[in-house]
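Worksheet for the structure shown next.
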Amino acid sequence: MNDTAAAPSVCGCIAFRNEDSEGRRFPEPAHPYRLPFQRDRDRIIHCAAFRRLSEKMQVFTADFGNYHRTRMTHTFEVSGIARTIARVLNLNEDLVEASALLHDIGHPPFGHTGETVLNTLLSEKANEKAFNHNEQALRIVEKLESRYADFAGLNLSQELLDGQRFKVVKSKTPLLEIQAVDAADSIAYDTHDADDAMEIGLLQTEKLFQTALWKYSAERIRKRWTNLTDSQFRRAVIHDLIDIQVSDLIYTSQQNIRNAGIESARDALQVPFLIKPSTDIAQQKAEMETFLMKNVYRHPRVMSLRSKVSQWLQSIFEYYIKNADELPARYNAVVKNEGVKRAAADYIADMTDRSARAESLKFMK
Ligand code: MG
């Protein structure tokens with residue numbers, strides 16, 4: 001099969017139609033040549049919180065070298081994979097792209113560690129979910145970003161806000177476009193976290209043969225090439241793993257869509273998720289995720305960063321809840337309406353890994 005061969009398509013009627021959009025909270029005139037979700041995409045890319053993703057970690061900080069993904073490069077990888085899925089499945093590619101670019105914008109510095117620390121600092125009682133990066137993304141685009149004269153936030157289309165809200169509440173089936181972004185996110189991080197961990201030296205390639213997904217792909221690559229260096233082999237397997245998962249997702253989803261007999265974007269909201277991997281690949285992905293949890297996310301080098309991050313962020317938080325007047329003026333309204341703790345958390349969540357580290361040095365005894 002050469003590069004020009006195309007996968008069979010499903011009908012275009014299931015894409016979310018731009019004209020069905022519920023629009024924006026603050027109505028704006030239509031743009032002469034950009035569609036609504038294109039404008040959303042541009043607003044996201046042009047906001048300050050998006051730019052800061054380049055200095056926020058995915059799994060590894062700058063101390064681990066310069067090969068690994070940042071939160072921003074991960075975001076672009078998710079966007080690329082999600083757009084591929086959207087184009088083959090005939091979904092609304094602009095909506096998919098904007099949703100992918102939005103999906104991680106609420107991450108505080110130091111990834112999920114930073115998120116856990118802020119949650120603990122803000123929680124008044126046990127098991128409270130006081131800070132969550134998906135909710136923070138909504139705070140940023142609905143309230144905290146200040147770029148436009150007529151409104152706070154980015155005034156994004158309702159479908160993007162609903163898609164992001166789904167990640168917090170998970171109460172009902174979201175649009176197919178949002179399902180595609182979720183699936184692309186999972187494919188991207190499973191595969192690329194493994195790649196980064198091997199490059200950094202936290203994970204030996206041989207160990208990954210314990211997982212069925214890696215083993216299957218590695219055997220395909222060995223059959224195809226016999227003379228690869230270790231790093232060429234590893235990268236070939238990583239490319240193949242993405243390809244296997246994306247292809248499986250597309251073919252499985254096409255079948256699901258046909259079998260469900262849906263004929264519009266609205267129909268898809270009435271049935272369970274249709275954009276998902278086959279049962280086999282879903283099981284193999286789950287095995288890979290358990291493997292990564294044990295061997296990468298809980299690696300001693302990653303864990304030792306956790307306790308330091310906790311102290312750094314706590315020191316900043318404690319300083320500002322006692323000295324609210326020193327928070328930047330853009331948080332005045334949050335201090336007034338939601339209290340100083342929330343304002344301090346918003347300020348910290350906005351920081352990059354580097355600026356949080358630098359700021360903490362001023363307060364740590
Ligand atoms: Mg992500």
Side-chain angles (χ1 to χ4, degrees), residues 40-41 44-45 47 49-61 64 67-86 91 93 95-116 118-119 129 131-141 156 160-170 174-197 238 241-242 245-246 249 273 275-277 282 285-286 288-290 292-293 296-297 302 309 349-353:
D40 290 324
R41 173 201 59 200
I44 294 162
I45 289 186
C47 81
F50 186 83
R51 286 195 296 282
R52 293 196 187 99
L53 296 178
S54 68
E55 286 202 29
K56 294 192 183 198
M57 66 179 240
Q58 177 72 8
V59 180
F60 306 108
T61 58
F64 286 86
Y67 173 88
H68 58 268
R69 275 83 183 162
T70 64
R71 197 57 71 177
M72 181 177 283
T73 60
H74 161 73
T75 295
F76 282 122
E77 287 170 348
V78 172
S79 169
I81 292 171
R83 285 178 58 189
T84 297
I85 296 165
L91 303 178
E93 196 174 328
L95 173 54
V96 162
E97 183 181 20
S99 169
L101 295 174
L102 177 65
H103 91 281
D104 266 354
I105 210 172
H107 262 289
F110 303 108
H112 291 286
T113 303
E115 182 175 35
T116 308
L118 288 177
N119 185 53
K129 291 272 169 283
F131 185 94
N132 165 292
H133 75 272
N134 288 316
E135 253 174 326
Q136 191 67 16
L138 288 165
R139 283 181 68 75
I140 290 168
V141 301
L156 299 178
L160 277 166
L161 301 176
D162 289 347
Q164 193 64 28
R165 202 157 277 125
F166 157 77
K167 294 174 199 291
V168 183
V169 193
K170 298 210 187 293
L175 289 170
L176 293 172
E177 282 78 3
I178 305 301
Q179 297 181 31
V181 173
D182 240 32
D185 188 23
S186 167
I187 292 172
Y189 63 65
D190 282 351
T191 316
H192 291 147
D193 292 351
D195 184 39
D196 289 351
I238 292 292
L241 280 176
I242 298 267
Q245 293 176 79
V246 173
L249 184 90
F273 266 58
I275 302 202
K276 56 184 185 183
K285 275 174 68 62
M288 174 72 91
E289 284 170 8
T290 308
L292 290 173
M293 181 56 78
V296 177
Y297 310 136
V302 177
V309 166
D350 210 33
M351 292 176 175
T352 63
D353 298 350

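In each ligand, atom 1 is the first atom listed, and ligand 1 is the first ligand listed.
Take the N/O/S atoms of Asp104: the one nearest the Mg ion (ligand 1) is OD2. Of all N/O/S atoms in Asp185, OD1 sits nearest the Mg ion (ligand 1). Nearest N/O/S atom of His74 relative to the Mg ion (ligand 1): this is NE2.
A 4.5 Å side-chain heavy-atom check between Ile238 and His192 finds at least one atom pair inside the cut-off. Side chains of Asp190 and Glu289 form a contact here, defined as non-hydrogen atoms less than 4.5 Å apart.
With hydrogens and angles ignored, the 3.5 Å screen pairs a side-chain donor or acceptor of Ser54 with a backbone N or O of Arg51.
In this model, a donor atom of one side chain and an acceptor atom of the other lie less than 3.5 Å apart for His107 and Arg71.
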